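To keep things clear, I will list the structure first and then write my remarks on it.
Predicted model, so just to flag it, every value in this text is computed and none were measured. Proteins come first, then strands; the chains are lettered A, B, ... in the order of their sequence lines, and each starts at number 1.
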Amino acid sequence: SAVISQKPSRDICQRGTSLTIQCQVDSQVTMMFWYRQQPGQSLTLIATANQGSEATYESGFVIDKFPISRPNLTFSTLTVSNMSPEDSSIYLCSAGKFGLAGGQEQYFGPGTRLTVT
Amino acid sequence: AQKITQTQPGMFVQEKEAVTLDCTYDTSDQSYGLFWYKQPSSGEMIFLIYQGSYDEQNATEGRYSLNFQKARKSANLVISASQLGDSAMYFCAMREGGSFQKLVFGTGTRLLVSP
């Protein structure tokens, strides 16, 4: 299985500031994704991080608010810009590749708990 | 319409008993994948099991098995011999399409295992 690490694991930030979350995967993966989980809610995809090109954003998410980089196959960053208390969530990085048996495997990092005051 | 429906907001089971967590899905694709994840209070998402739409046999991983009923569009998770450490949120998710696509998640089921 792919091991995914995220930094920071949690942070408390003031409104109006920005936070960059890093995601590192221990092996080359095909796809990397960023999800948001608001308190008590399920996961919602923010965007697909594309290696060497602009991320693909889901409806309701924009690049100015959530800029994403993916400079290589094992690393990506998500920035939460101009934060407000509504941005308080767990942000999860996910990566996928084909498993040895041909099935797909998709793993998640440990998440970053963000609280905006 | 909801793509993934988990109708059980909470489930209770006694230790060592088996429990089934329900998941139904909606898709017009012929090729798709179904995933189950466990999320303990720490917040991490732990991959449990995967079922491809063309897989003829139900997926199994240790104490986890997926009861895949394609005609009924259901992919229920069965946990056998429940343990206290199984207490967590469980999410069903679906990937549509034949290549890597995003996962769409259900609302989750909170499982509580009692001694």
Side-chain angles (χ1 to χ4, degrees), chain A residues 1-6 8-10 23 28-51 55-61 73 88-115, chain B residues 2-10 23 25 31-62 64 66 68 75 88-110:
Chain A
S1 62
V3 175
I4 304 174
S5 59
Q6 279 184 240
S9 58
R10 58 177 64 231
C23 176
Q28 292 187 351
V29 291
T30 308
M31 305 292 281
M32 293 183 75
F33 306 91
W34 287 97
Y35 287 82
R36 180 176 75 180
Q37 186 179 26
Q38 294 177 300
Q41 303 294 314
S42 187
L43 280 74
T44 301
L45 181 68
I46 297 172
T48 302
N50 300 310
Q51 192 253 331
T56 305
Y57 289 84
E58 296 299 305
S59 175
F61 298 96
L73 288 173
S88 297
S89 299
I90 300 176
Y91 291 86
L92 296 116
C93 173
S94 174
K97 63 179 180 180
F98 283 107
L100 293 176
Q104 289 193 4
E105 301 172 0
Q106 195 155 341
Y107 298 94
F108 284 81
T112 296
R113 287 182 183 268
L114 171 62
T115 303
Chain B
Q2 291 266 359
K3 293 259 186 180
I4 294 283
T5 302
Q6 294 181 254
T7 57
Q8 306 155 316
C23 173
Y25 59 92
S31 176
Y32 52 90
L34 297 155
F35 299 74
W36 276 93
Y37 290 88
K38 171 185 177 182
Q39 187 179 44
S41 57
S42 59
E44 61 185 312
M45 292 288 286
I46 301 169
F47 168 76
L48 295 178
I49 199 165
Y50 166 82
Q51 179 86 41
S53 58
Y54 292 121
D55 295 340
E56 293 185 353
Q57 292 193 333
N58 288 343
T60 59
E61 289 287 347
Y64 304 107
L66 200 152
F68 182 45
M89 281 291 288
Y90 288 81
F91 289 97
C92 179
M94 179 174 66
R95 169 195 55 76
E96 291 180 294
S99 60
F100 282 103
Q101 302 289 336
K102 63 182 181 181
L103 294 183
V104 176
F105 284 82
T107 51
T109 296
R110 182 170 296 282

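Of the two parts of A:L92, only the side chain, counted from C-beta on, holds a non-hydrogen atom closer than 4.5 Å to a non-hydrogen atom of chain B.
Rounding to the nearest 0.5 Å places CD of A:Q37 at 9.0 Å from CZ of B:F105. Atom CZ in B:R95 sits 10.5 Å away from atom CE in A:M31 (nearest 0.5 Å).
Here A:S9 pairs with nothing under the side chain to side chain contact (heavy atoms under 4.5 Å, CB included) rule; sequence neighbours left out. For A:S94, the side chain to side chain contact (heavy atoms under 4.5 Å, CB included) partners two or more places apart in sequence, or in a different chain, are A:F33, A:Y35, A:Q106, A:F108. For A:E58, the side chain to side chain contact (heavy atoms under 4.5 Å, CB included) criterion is met by A:L45, A:F61, B:K102, not counting sequence neighbours.
Heavy-atom neighbours of chain A within the stretch residues 39-46 of chain B, taken at a separation under 4.5 angstrom, comprise B:Q39, B:S41, B:S42, B:G43, B:E44, B:M45.
Taking all atoms of both residues into account, the shortest heavy-atom contact from A:Y107 to B:F47 is CE2-CD2, 3.8 Å.
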